[in-house]
Amino acid sequence: MSMDIPAGAKPVPFKTHNRTITETDIVTFVNVVGLHEPFFIDMEYIKANMSGKHRNRFAPGPMIISVGMGLLAPTVAGIIDKVLEGREHGPFGGMTGVDARIKAALFPGDTVHVEGEAWLRPPSSRGYTLMDLRHRVINQHGEVLVEFTETITFLPKGAVEH
């Protein structure tokens with residue numbers, strides 16, 4: 001994944017608090033989203049078919065991304081405000097994309113945090129404001145588990161009547 005910050009953009013760095021992941025967190029996520037693959041629900045299968053550290057329970061990649069978004073959630077509004085400072089824009093239009101690379105596994109007992117930066121893309125031809133938030137989910141050993149860039153959109157000013 002190589003999402004370069006556009007020339008002239010002013011990236012706003014961020015770093016979140018830590019969170020230790022439990023086996024219960026992983027089992028709950030797997031059950032809520034229905035990832036009932038043997039890699040995540042059958043310890044006998046894991047022991048017989050996996051190697052190294054993966055012979056124990058580990059988190060699915062989408063969970064690591066979700067944890068990364070969740071760790072940023074308490075402070076994301078302030079980050080968005082900083083990035084948008086002085087920029088005319090309309091209301092929040094939602095998340096429009098995620099580009100992710102999973103680099104390493106997340107295991108019960110790992111403590112993670114997120115470091116990254118947010119920046120604006122050049123304005124779209126239709127007046128939309130696009131913001132990228134690059135997340136690096138990092139464990140207690142300083143290892144990047146997942147790197148992903150989330151793109152959020154703001155509608156053109158005046159696009160929605162009150």
Side-chain angles (χ1 to χ4, degrees), residues 1-22 25-26 28-30 32-35 37 39-40 52-54 57-157 159-160:
M1 178 175 76
S2 174
M3 168 98 27
D4 293 327
I5 299 173
K10 297 176 184 161
V12 173
F14 56 82
K15 183 177 179 178
T16 70
H17 62 283
N18 291 338
R19 183 171 191 290
T20 301
I21 303 302
T22 66
D25 293 327
I26 295 170
T28 299
F29 182 88
V30 165
V32 165
V33 301
L35 279 174
E37 300 169 21
F39 310 107
F40 305 120
K53 293 193 304 186
H54 280 85
R57 190 171 309 280
F58 58 96
M63 179 180 169
I64 308 171
I65 295 167
S66 297
V67 167
M69 288 180 177
L71 284 168
L72 189 60
T75 58
V76 74
I79 294 164
I80 289 170
D81 289 345
K82 277 186 185 177
V83 175
L84 289 173
E85 194 171 294
R87 171 76 181 258
E88 194 171 283
H89 61 87
F92 178 70
M95 183 176 75
T96 57
V98 175
D99 183 16
R101 294 284 179 253
I102 300 167
K103 299 177 176 215
L106 174 63
F107 298 98
D110 281 349
T111 298
V112 296
H113 71 280
V114 177
E115 295 179 18
E117 51 278 332
W119 65 88
L120 289 176
R121 290 188 187 184
S124 79
S125 61
R126 294 179 43 205
Y128 289 86
T129 300
L130 301 175
M131 182 184 301
D132 288 325
L133 295 101
R134 181 168 36 211
H135 304 65
R136 286 177 298 283
V137 181
I138 302 169
N139 70 11
Q140 70 274 16
H141 305 294
E143 183 180 20
V144 176
L145 305 181
V146 172
E147 183 174 6
F148 67 96
T149 300
E150 167 185 12
T151 302
I152 59 174
T153 303
F154 296 86
L155 302 176
K157 190 163 176 68
V160 178

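Bear in mind that the values here come from a model prediction, so they are computed numbers and not experimental data.
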(message) Working to the nearest 0.5 angstrom, can you tell me the gap between E147 CD and I64 CD1?
(response) 13.5 Å

(request) Check the side chains of D25 and T22 for a donor-acceptor pair under 3.5 angstrom, ignoring hydrogens and angles. (result) yes

(message) Salt bridge check, K10 against E117: does any charged N sit closer than 4.0 Å to a carboxylate O?
(response) no

(request) Please round to the nearest 0.5 Å and tell me the distance separating atom CD1 of I21 and atom CG of N139. (result) 11.0 Å

(message) Less than 4.5 Å apart, side chain to side chain, heavy atoms only: is that true for V33 and M63?
(response) no

(message) Tell me whether R57 contacts the main-chain N or O of F40 through its side chain, where contact means a donor paired with an acceptor under 3.5 Å.
(response) yes

(request) Report the distance from atom NE2 of H141 to atom CG of D110, rounding to the nearest 0.5 Å. (result) 6.0 Å

(request) Using the side chain to side chain contact (heavy atoms under 4.5 Å, CB included) rule, take L155 and Y128 through it: C-alpha gap first, then chi angles, then the decisive distance, then the call. (result) CA-CA 5 Å; L155 302 176; Y128 289 86; 3.5 Å; yes

(request) Give me the one residue out of I80, L130, L120 that meets side chain to side chain contact (heavy atoms under 4.5 Å, CB included) with F154. (result) I80

(message) Could you check whether atom CD of E37 has more than 12 heavy atoms from other residues, nucleotides or ligands sitting under 6.0 Å from it?
(response) yes

(request) Spell out, as yes or no, whether a donor-acceptor pair under 3.5 Å connects the side chain of T16 to the backbone of V114. (result) yes

(message) Before you tell me yes or no, could you show the steps for R134 and I5 under side chain to side chain contact (heavy atoms under 4.5 Å, CB included), namely the whole-Å CA-CA distance, both residues' side-chain angles and the distance that decides it to 0.1 Å?
(response) CA-CA 10 Å; R134 181 168 36 211; I5 299 173; 3.6 Å; yes

(request) Locate the shortest heavy-atom distance separating P11 from W119; write the atom from each residue and the value. (result) CA-CB, 4.1 Å

(request) State, to 0.1 Å, how close H17 and P74 come at their nearest heavy-atom pair, and which atoms those are. (result) CE1-CG, 4.3 Å

(message) Tell me the closest heavy-atom pair linking F14 and A118, and the distance in Å.
(response) CE2-N, 4.0 Å

(request) Could you tell me the separation between the CG atom of L71 and the CZ atom of R19, rounded to the nearest 0.5 Å? (result) 7.5 Å

(message) Testing the basics here: between G61 and I102, what is the closest heavy-atom pair and its distance to 0.1 Å?
(response) CA-CD1, 3.4 Å

(message) For a quick test of reading the model, state the closest non-hydrogen atom pair linking F148 to A100 and the distance between them.
(response) CB-CB, 3.6 Å

(message) If we check side chain to side chain contact (heavy atoms under 4.5 Å, CB included) with M69, which of these qualifies: L133, V98, V76?
(response) V98

(request) Give the ring-plane orientation class for F107 versus H54, where under 30° counts as parallel, over 60° as perpendicular and anything between as tilted. (result) perpendicular

(request) Give, for atom CZ of R121 and atom OG1 of T129, the distance between the pair rounded to the nearest 0.5 Å. (result) 12.0 Å

(message) Are the side chains of P123 and E88 in contact, using a 4.5 Å heavy-atom criterion?
(response) no

(request) Search all heavy atoms of P60 against all heavy atoms of I26 and return the closest pair with its distance. (result) CD-CG2, 4.3 Å

(request) Would you give the length of the straight line joining atom CD of E150 to atom OG1 of T96, rounded to the nearest 0.5 angstrom? (result) 9.0 Å

